[in-house]
Amino acid sequence: MRSVIIIIPLMTLAACAATKPTPDEAFAQQVEADVRRSLKDPDSAKFEDVKAYAKEQVACGKVNAKNSYGGYAGSEDFSYYQGRSHLQSDDLKSYVIGSGRCMLVESQKGFEDAMKGGLPPKEKEKIIKMFEKNIADIKRDPTFGL
């Protein structure tokens, strides 16, 4: 009986250790490491709402970290594209471009997911029109650099 009690926790532990992160999760970890390098206190970083897309190499989210005085400064938006992170307060233009690309990928993923589901034709048509309008708006805006 004792051997059964010992084996079950070990099997559970082994199963947890064998879980490999998805490409998007691994990319999110890479992005968070890059964002940390730009902070005054990297170890204090707390991330929220991180959306990372490994295939497209874009990400966006929020980070809160301690400032020079040792207090948390409040959440700040960041984006990641072209191999580096961009904090909103450091480089607004690059942050906006990265965020636009992140929103574009997010819209495309949402569109693909919606099309996979068994939606009624009218609902699909409405989503397609909304998606096409959003893409046109993003492409028309020179801020996004698309």
Side-chain angles (χ1 to χ4, degrees), residues 7-146:
I7 291 173
I8 291 173
L10 289 176
M11 288 173 47
T12 306
L13 184 61
C16 291
T19 304
K20 191 175 181 183
T22 66
D24 286 346
E25 290 169 341
F27 181 62
Q29 291 171 355
Q30 175 189 333
V31 168
E32 289 178 8
D34 192 68
V35 171
R36 284 179 199 281
R37 284 191 285 276
S38 66
L39 302 172
K40 292 194 185 293
D41 186 350
D43 295 332
S44 71
K46 295 179 183 178
F47 291 90
E48 35 183 301
D49 301 328
V50 177
K51 296 171 186 132
Y53 306 101
K55 182 180 171 192
E56 295 82 1
Q57 291 291 292
V58 297
C60 51
K62 296 178 182 289
V63 63
N64 190 5
K66 291 182 179 178
N67 58 22
S68 309
Y69 300 105
Y72 279 93
S75 291
E76 180 175 6
D77 293 328
F78 72 86
S79 65
Y80 180 96
Y81 79 102
Q82 293 183 337
R84 59 182 288 242
S85 59
H86 307 278
L87 293 172
Q88 185 177 7
S89 63
D90 291 343
D91 184 355
L92 184 59
K93 182 179 178 185
S94 294
Y95 158 75
V96 169
I97 292 170
S99 291
R101 291 173 186 219
C102 195
M103 287 189 307
L104 180 62
V105 171
E106 193 172 5
S107 293
Q108 287 172 329
K109 298 275 185 198
F111 175 74
E112 290 167 6
D113 289 345
M115 293 299 105
K116 285 179 192 171
L119 294 174
K122 285 186 178 183
E123 196 65 30
K124 278 187 180 181
E125 188 177 319
K126 188 190 310 184
I127 290 172
I128 289 170
K129 284 181 181 177
M130 183 178 67
F131 178 74
E132 289 172 346
K133 181 190 178 310
N134 288 347
I135 297 299
D137 289 347
I138 290 171
K139 287 185 175 179
R140 212 176 8 260
D141 189 336
T143 311
F144 293 119
L146 299 174

**OP:** For Cys102 and Lys51, work out which heavy atoms get closest and say how close.
**Re:** SG-O, 4.0 Å

Subject >> Pro23 side chain reached by Lys55 side chain, heavy atoms, under 4.5 Å >> reply: no

Original post:
Relative to the ring of Tyr80, is the ring of Phe27 parallel (under 30°), tilted (30 to 60°) or perpendicular (over 60°)?
Top reply: perpendicular

Original post:
Can a salt bridge be assigned to the pair Lys109 and Glu56 using a cut-off of 4.0 Å between side-chain N and carboxylate O?
Top reply: yes

Original post:
How about Lys93 and Asp91: do any of their side-chain heavy atoms sit closer than 4.5 Å?
Top reply: yes

**OP:** Could you tell me the separation between the CZ atom of Arg84 and the CD atom of Gln82, rounded to the nearest 0.5 Å?
**Re:** 9.0 Å

**OP:** Mind checking the CD1-NE2 spacing from Ile97 to His86? Nearest 0.5 Å is all I need.
**Re:** 8.0 Å

Original post:
What's the verdict on side-chain contact (heavy atoms from CB on, under 4.5 Å) for Leu87 and Leu39, showing C-alpha distance, side-chain angles and the deciding distance?
Top reply: CA-CA 10 Å; Leu87 293 172; Leu39 302 172; 4.1 Å; yes

Subject >> From CA spacing to verdict: side-chain contact (heavy atoms from CB on, under 4.5 Å), Ser99, Ser79 >> reply: CA-CA 5 Å; Ser99 291; Ser79 65; 3.8 Å; yes

Subject >> Minimum heavy-atom distance between Ala52 and Ala59, given as atom pair plus value >> reply: CA-CB, 3.8 Å

Original post:
Do Glu32 and Val50 touch side chain to side chain, with heavy atoms closer than 4.5 Å?
Top reply: yes

Subject >> Among Val35, Val31, Asn64, side chain to side chain contact (heavy atoms under 4.5 Å, CB included) partner for Phe47 >> reply: Val35

Original post:
Is the shortest side-chain N to carboxylate O distance from Lys62 to Glu76 below 4.0 Å?
Top reply: no

Original post:
Among side-chain atoms of Ser85 and Asp34, is any donor-acceptor pair under 3.5 angstrom?
Top reply: yes

Original post:
Where the side chain of Ser44 meets the backbone of Lys66, is there a donor-acceptor pair that is under 3.5 Å apart?
Top reply: yes

**OP:** Report the C-alpha separation of Tyr95 and Asp77 in whole Å, then their side-chain angles, then the decisive distance to 0.1 Å, and conclude whether the side chain to side chain donor-acceptor pair (under 3.5 Å) test is met.
**Re:** CA-CA 8 Å; Tyr95 158 75; Asp77 293 328; 3.3 Å; yes

Original post:
So which heavy atom on Val105 is nearest to which on Tyr53, and how close?
Top reply: CG1-CG, 3.5 Å

